[in-house]
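As the structure is a prediction and not an experimental result, all values here were calculated from the model.
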Amino acid sequence: MFLVHNLSGSLLPELEEQGAMRRNDYYIPVSCEEKAADLGNTKDGGDSKYDSIPLSSLKSDEAASGPKQGPTFQDGQRRVDYVLTYHVQKPQSVRRKTSHFGDYRILRILRRSLSMMKGRDMPPPKEDPEVAAHKHRLDYHEDDKRFRQTEFEDNLREMGLELEKDEGNKIPGIGFLKIHAPWNVLCREAEFMKLKMPTKKVYEVKQGSNVVERINLFIRKVTAPLHPKVEPNRAQNVKHLSHPFSREKQHLFDLSDRESFFDSKTRASIVYEVLKRTRCTKAKYTMGITSLLGNGVYTAAYPLHDVGILPHILSIPMQSQALCDQATLIVSLLVLQGDVDGMGPEANDRKILYEEWASYSVFYKYQPIGLIRKYFGEKIGLYFAWLGVYTQMLIPASIVGAIVFLYGCATVDNDIPSMEICDPRNNITMCPLCDRACSYWELKTACGTARASHLFDNPATVFFSIFMALWAAMFMEHWKRRQMRLNYIWDLTGFEEEEQAHKDHHRTEYEIQVMQKTLKKQDMSPKDKKVKLTCTDRAPAYMMGLFTMLFMVGVTFAVVFGVILYRISIRAALHMSSNPTARSNIRATVKGTAAVINLVIIIIMDEIYGALARWLTLLEVPKTDKSFEERLIIKTFVLKFANAFSPIVYLAFFRGRMVGRPGDYVYVIGSYRMEECAHAGCLMELCIQLCITMLGKQLIQNNLFEIAIPKIKKLIRRRKSDMDSQQQEDYNMTLQRHEKDHFLGPFVGLSPEYMEMIIQFGMVTLFVASFPLAPLFALLNNIIEIRLDAKKFVTEVRRPIAARAKDIGIWYNLLRGLSKVAVIVNAFVISFTSDFIPRLVYQYMYSPDGSMHGFVNHTMSYFNVSDFQPGTAPLQPMHLGYEVQICRYKDYRETPWSNTPYDLSKEFWAILACRLAFVVVFQNVVMLMSDFVDWLIPDIPKDISLQIHKEKILMVELFMKEEEGKKLLRDNHANQSPLQPRSRPASHTPSN
C-alpha cells in the first residue's frame with residue numbers, strides 16, 4: 001500500500017481533493033484486501049506478469065535517487081528505451097487481479113460457471129482430425145516463433161541490453177518486451193555509429209560583422225512575438241565543440257549527468273541499431289529484427305513518447321480503507337501527468353511541442369525546429385524546416401500574385417478587346433459550336449467570359465511568370481543556405497552518406513527472398529558462397545513494373561479522353577434542351593461539371609496509384625530501405641504527376657488545336673467533333689480546372705482525409721469496444737506509456753508528406769501564368785498543413801526512429817527539375833494558350849493606329865454557310881430571327897472568296913513565328929537570370945563558413961593540448977624513473 005508524497009514528505013492536498021472527486025464521479029476503487037491478495041500472489045511467485053525487480057524490493061537509497069527521465073522498468077530506475085510487442089496465447093482461465101469494472105467481472109464469472117455446468121452434463125465432443133491437425137500446425141508455428149523469440153532475446157542480452165517482459169491483461173493477447181541500454185552499451189554503440197556529441201569546450205558564435213549582428217538583433221526583437229516559447233529555439237552566443245564519441249576520450253565530454261548525456265532520441269536509435277545487427281542463427285536461415293517482424297515473431301517495434309515525471313512513491317502503512325482508496329485514485333490521476341493532455345507541472349518535450357507547435361492557435365509563429373529535431377531526429381526536422389521555408393517564400397509570391405489579379409480587375413473596363421466583344425453594336429454572327437443541335441450565336445453573348453479571361457490574361461501575367469521563375473531559383477538557394485546552417489547547428493557538417501552505409505541493413509522481403517533462394521540452391525552451391533539477388537532474379541519484376549506503369553499512364557490519358565467526350569456530349573444535350581435556363585448557362589455548366597469530375601477521378605486514382613507503386617516496388621525486392629524509398633518515390637511521382645496534370649496539359653496545349661474549321665471539322669469515335677476554345681481562349685477554362693483541382697486536392701485529399709480518417713477509425717474502434725466513453729476514459733488512465741503507444745498508428749515515413757508538397761509546388765510553378773492566385777491558395781493550405789502534420793506526429797502516430805540526414809535527398813532533385821520545367825511550360829502557356837503574342841503582333845504590325853481597336857475582327861475568319869458538309873448544318877438556322885449566309889469563327893484563314901479559300905493565312909504564319917521566337921527568348925533569358933541568381937547567392941553563408949573553419953582550428957588546438965599534456969606526463973615519468981635506482985645503492989653504502 002502506497003501514499004503519494006511531495007518532496008517534503010506531506011500528502012498533496014490538491015490531489016487528495018481531486019482523488020475524492022474522481023472516485024465519486026468516475027469509477028469504483030479497488031479494495032485494499034484485493035490489493036493485498038494480489039501482492040501476496042506476486043510475492044509467492046504466482047502469476048507475476050513482470051520478469052523484473054518488484055517495486056517493493058527497492059532499497060531506500062534507490063528510491064531517493066530522484067525520478068528518472070521517461071518510462072522505466074518496474075524497479076523505477078532503468079529507462080525504457082525501446083519496446084517490442086508480440087502475441088501472447090491467453091490461457092483458458094485467466095484471473096484478473098484488479099478490475100475497475102465490476103459489471104464485466106460478474107459477467108465473466110457467470111459465463112465461466114455456465115460453461116462448467118455444461119461441461120459436467122455433456123461429454124466432450126470428439127474433435128475432427130483435420131481441425132486437430134490444423135491446430136497442431138498452428139501450435140508448431142507458435143512454438144517456432146517462441147523459439148526464435150527466445151534465441152533473439154538471449155542474443156540481445158549477450159549484446160549487453162537489459163530486458164523486461166510485461167504480459168499483463170490490460171491489452172489481451174499482447175505482450176511487451178521493454179528494452180534498456182546500459183551506459184556501457186550506449187558508449188560502445190555511440191562510438192561505432194560515430195555520433196557527434198558535445199564536448200566540454202565551448203566557443204563564441206559570431207553572426208558576422210557588428211552591423212550584421214545589430215541588424216539580426218533588431219530583427220529578432222521585432223519578430224520576438226512570432227517565436228515559440230521554446231528554449232532550444234532561442235539564439236545562443238556560445239556553442240559546444242562537438243566530436244565523434246570515443247570511449248578513449250571520455251574526458252573530453254561532460255559526463256557529470258549520464259542520464260541526460262544521451263537523450264531519449266539518441267538512446268532509441270542506438271537500441272534500434274543493436275536490434276538490426278542482432279541475428280537468430282540456430283534455425284535453418286539467419287533472421288534479423290526485420291525478418292522477425294515480417295514473420296510475425298514480433299508484431300511491432302517502436303520507441304516511446306515522452307511521459308511526465310511522477311512524484312516519489314513511498315511505501316508506508318495505511319491507517320484506513322479511505323486512505324487506501326484515496327491513494328489509489330491519486331496514483332491513477334498521476335498516470336497522465338506530463339502527457340499531451342495531462343496536468344503535470346513539469347512539461348516534457350512532447351507537451352511543449354503540442355502547445356507551441358501542434359496547436360492551431362500558434363499558426364502565426366515560427367516552428368521550434370530545434371526541438372523538433374531533438375525529439376524526432378534530423379530527417380523529420382529537415383522536412384519541417386523545408387516546409388517552413390517553402391511556406392515563408394510563398395508569402396511574397398502570394399502578394400505579387402494578388403496584385404496581378406487585382407490589376408486585372410482594375411483594368412478590365414479599359415480592355416479594348418473585351419469592350420468590342422461586349423459592344424451590342426458589333427453584330428457579329430458566330431458559326432455553330434456543334435453539329436446540327438447547335439445553331440448560330442452572337443459574339444456579344446461571350447461578354448462575361450471575355451471579361452473574366454482578362455483577369456488572368458493580361459500583360460501583368462508575363463511579368464508574374466518571370467517573377468515566379470526567379471522566385472523558384474531564390475527558393476532553392478534560400479533552402480540550400482538554410483540547410484547548411486542547420487547542418488552546422490546540428491553538427492552534421494562532417495556527416496557523409498558513407499557513415500550511414502553501415503545502417504542500411506537488409507529489408508525483410510529481401511532477406512526472405514535470399515533465404516528462399518538459399519534453400520533452393522542448398523545442394524548445388526557451396527556453403528561459403530554468399531547468395532544474393534541479381535538483376536536476372538529481378539528482371540520479371542522490372543518488366544512487369546515498366547509495362548504496368550505505361551499501362552496506367554495510358555489509363556490516365558483514357559480517363560482524360562473520357563472527360564472530353566463527356567464535355568462534347570453534355571454540350572450537345574444542353575443545346576437541344578428546351579429549358580431556357582439550361583441553354584443560357586451551357587458554358588459554365590460544362591466547365592464546372594467537367595472540372596469536378598476530373599477532381600474526383602484524380603483523388604480516386606491517386607489512392608490507386610499510391611498502392612500500385614508500393615506493390616510494384618515490393619515486387620522488385622530492393623535490398624535496403626533507402627533503395628526501396630527512392631524507387632517508390634520515382635514510381636509514385638510519375639504516376640501521380642501524370643494523374644494530376646494530364647487534364648491541365650490537355651486544356652493548355654491541345655484543346656482547340658486540332659479542331660479543323662467549319663465544313664471540315666475533325667471527328668473522333670464517329671460523330672464526336674473535337675471541342676473548341678471560347679473566343680477569349682482556353683486560358684479561362686485552364687484557370688477553372690487549376691483552381692478546382694488545387695482547392696479540391698488540398699481541402700479534400702490532404703486536409704479532410706488526414707483529419708476525418710483518423711477520427712473515423714477511432715470511432716469504429718470505440719463502437720467495437722464493449723465499454724462506453726466513461727469506461728474507456730477510466731481504462732486509458734490505467735494504461736502505461738508503452739501500452740498507450742501501442743494503440744497509436746505506425747509511422748509510415750515522410751514520402752506521402754513530401755509528395756503532397758511536390759505536387760503542390762508543381763501547381764504553383766508550372767501553370768502560374770494562367771492562375772496567379774495559386775501561391776495564395778498554397779500558402780493558406782500550408783499554414784493548416786504544418787499544424788495538421790505536427791498534431792499527427794505528436795499525438796496520433798508512434799514515435800519514429802530518429803534518422804540522421806544532412807539534406808532532403810531525392811526530393812531536392814525533383815524540386816529543381818520542376819523549377820526548370822516550369823520556365824518552359826510557362827513560356828508555352830503565354831505564347832500559345834494566351835492571346836499575349838497575337839495582341840502584340842496586331843498592335844505593332846497590323847493595327848492602323850497602333851492601338852487594339854479592331855483586334856477582335858482581325859482574329860476571326862469568314863465562312864459561307866453553303867459550304868457545310870451534308871448533315872452538319874444547324875437544325876434551326878433561323879434561331880437568331882434572320883437568315884445567316886456568312887458566319888465567323890476564330891482562326892487565321894483565307895476568305896471564301898479568295899483564290900485559296902479556307903487556307904491558313906500569312907497572319908497565321910507570322911504569329912506562329914513570333915510565338916516560337918518568344919518561347920526561345922523567354923526560356924533562355926529567364927534561365928539565364930535564374931542561373932545568375934544561383935551564382936550570385938553562395939550555397940554556404942559566410943558566417944557559417946567562418947564558424948566551420950573556426951571549429952576545425954579549435955578541434956586541432958584541443959587535440960594538440962591533449963598531446964602536449966600526455967607528452968609532459970611521459971617526460972615527467974621518464975625524468976623521475978632513473979633517480980630511483982641511484983638512491984638505493986647510496987642508502988646501502990654505510991652498512992657495508
(message) Are Lys374 and Leu371 packed together at the side-chain level, in the sense that at least one heavy-atom pair is separated by less than 4.5 angstrom?
(response) yes

(request) Mark yes or no: Arg798 above the aromatic ring of Phe793, with NZ or CZ under 6.0 Å from the six-membered ring centre and no more than 45 degrees from the axis. (result) no

(request) Carefully, step by step, assess Lys792 and Glu753 under the rule salt bridge (charged side-chain N to carboxylate O under 4.0 Å, His left out). (result) CA-CA 12 Å; Lys792 179 175 68 174; Glu753 314 299 335; 2.4 Å; yes

(message) Nearest 0.5 Å, please: how far is CG in Leu275 from CG in Leu84?
(response) 5.5 Å

(message) For the aromatic rings, using the six-membered ring if either is Trp, is the centroid distance between Phe176 and Tyr298 under 6.0 Å?
(response) no

(request) Mark yes or no for whether Asp75, through its side chain, and Arg78, through its backbone, hold a donor-acceptor pair below 3.5 Å. (result) yes

(message) Within the structure provided, determine whether Leu304 and Tyr82 are in side-chain contact (heavy-atom separation under 4.5 Å).
(response) no

(message) What I want to find out is whether Lys178 reaches Glu164 closely enough, with some N-O distance under 4.0 Å, to be called a salt bridge.
(response) yes

(request) Answer whether the closest heavy-atom distance between the side chains of Asp306 and Lys351 falls below 4.5 Å. (result) no

(request) Assess whether side chain to side chain contact (heavy atoms under 4.5 Å, CB included) is satisfied between Ile289 and Phe152, documenting all intermediate values. (result) CA-CA 9 Å; Ile289 184 61; Phe152 185 72; 4.1 Å; yes

(request) Apply the test salt bridge (charged side-chain N to carboxylate O under 4.0 Å, His left out) to residues Glu796 and Lys791: give CA-CA distance (whole Å), side-chain angles for both, the deciding distance (0.1 Å), then the verdict. (result) CA-CA 7 Å; Glu796 296 177 3; Lys791 192 172 184 179; 5.9 Å; no

(request) Grab the two heavy atoms, one from Asn155 and one from Arg279, that are nearest each other, plus how far apart they are. (result) ND2-O, 2.6 Å

(message) Does Lys379 have more than 12 heavy atoms from other residues, nucleotides or ligands lying within 6.0 Å of its NZ?
(response) no

(request) For residues His738 and Pro71, determine if any side-chain heavy atom of one lies less than 4.5 Å from a side-chain heavy atom of the other. (result) no

(message) Using every non-hydrogen atom in the two residues, find where Ala181 and Asp81 come nearest and quote the distance to one decimal.
(response) N-OD2, 2.8 Å

(request) Indicate the atoms forming the closest heavy-atom contact of Ser269 with Ala802, along with that distance. (result) CB-O, 3.9 Å

(message) Show, in sequence, the C-alpha distance, side-chain angles and deciding distance for Trp183 and Leu255, and conclude whether the side chain to side chain contact (heavy atoms under 4.5 Å, CB included) test is met.
(response) CA-CA 11 Å; Trp183 175 255; Leu255 303 180; 3.8 Å; yes

(request) Report yes or no: is the cationic atom of Lys165 (NZ for Lys, CZ for Arg) under 6.0 Å from the centre of the six-membered ring of Tyr86, at an angle within 45° of the ring normal? (result) yes

(message) Counting C-beta onward and ignoring hydrogens, is there a side-chain heavy-atom pair between Arg267 and Glu189 closer than 4.5 Å?
(response) no

(request) For the residue pair Leu735 and Phe743, establish whether any side-chain heavy-atom pair is separated by less than 4.5 Å. (result) yes

(message) Around atom CZ of Arg188, are there more than 12 heavy atoms from other residues, nucleotides or ligands closer than 6.0 Å?
(response) yes

(request) Please confirm whether Arg799 makes a cation-pi placement over Tyr375, using NZ or CZ under 6.0 Å from the six-membered ring centre and within 45° of the ring normal. (result) yes

(message) Any non-hydrogen side-chain atom of Arg157 less than 4.5 Å from a side-chain atom of Leu161?
(response) no

(request) Begin with the C-alpha distance, continue with both residues' side-chain angles, and end with the deciding distance and a verdict on side chain to side chain contact (heavy atoms under 4.5 Å, CB included) for Val80 and Ile179. (result) CA-CA 6 Å; Val80 179; Ile179 304 175; over 6 Å; no

(message) Testing the basics here: between Pro303 and Pro800, what is the closest heavy-atom pair and its distance to 0.1 Å?
(response) CG-O, 4.0 Å

(request) In sequence, state the C-alpha distance, the side-chain angles, and the governing distance for Val185 and Met159, and then conclude on side chain to side chain contact (heavy atoms under 4.5 Å, CB included). (result) CA-CA 8 Å; Val185 175; Met159 293 290 291; over 6 Å; no

(message) Please report the interatomic distance CG(Asn348) to CG(Leu353), rounded to the nearest 0.5 Å.
(response) 9.0 Å

(message) Measuring from atom CD of Glu151 to atom OG1 of Thr278, what distance do you get when rounded to the nearest 0.5 angstrom?
(response) 11.0 Å

(message) Would the distance check show the side chain of His180 and the main-chain N or O of Arg79 forming a donor-acceptor pair, the cut-off being under 3.5 Å?
(response) yes

(request) Kindly compute the distance separating SG (Cys187) from CZ (Phe192), expressed to the nearest 0.5 Å. (result) 15.5 Å

(request) Nearest 0.5 Å please: distance from the OG1 atom of Thr85 over to the CG atom of Leu293. (result) 8.0 Å

(message) Return the CG to CD1 distance between Leu186 and Ile270, rounded to the nearest 0.5 Å.
(response) 5.0 Å

(message) Is any side-chain heavy atom of Leu744 closer than 4.5 Å to one of His305?
(response) yes

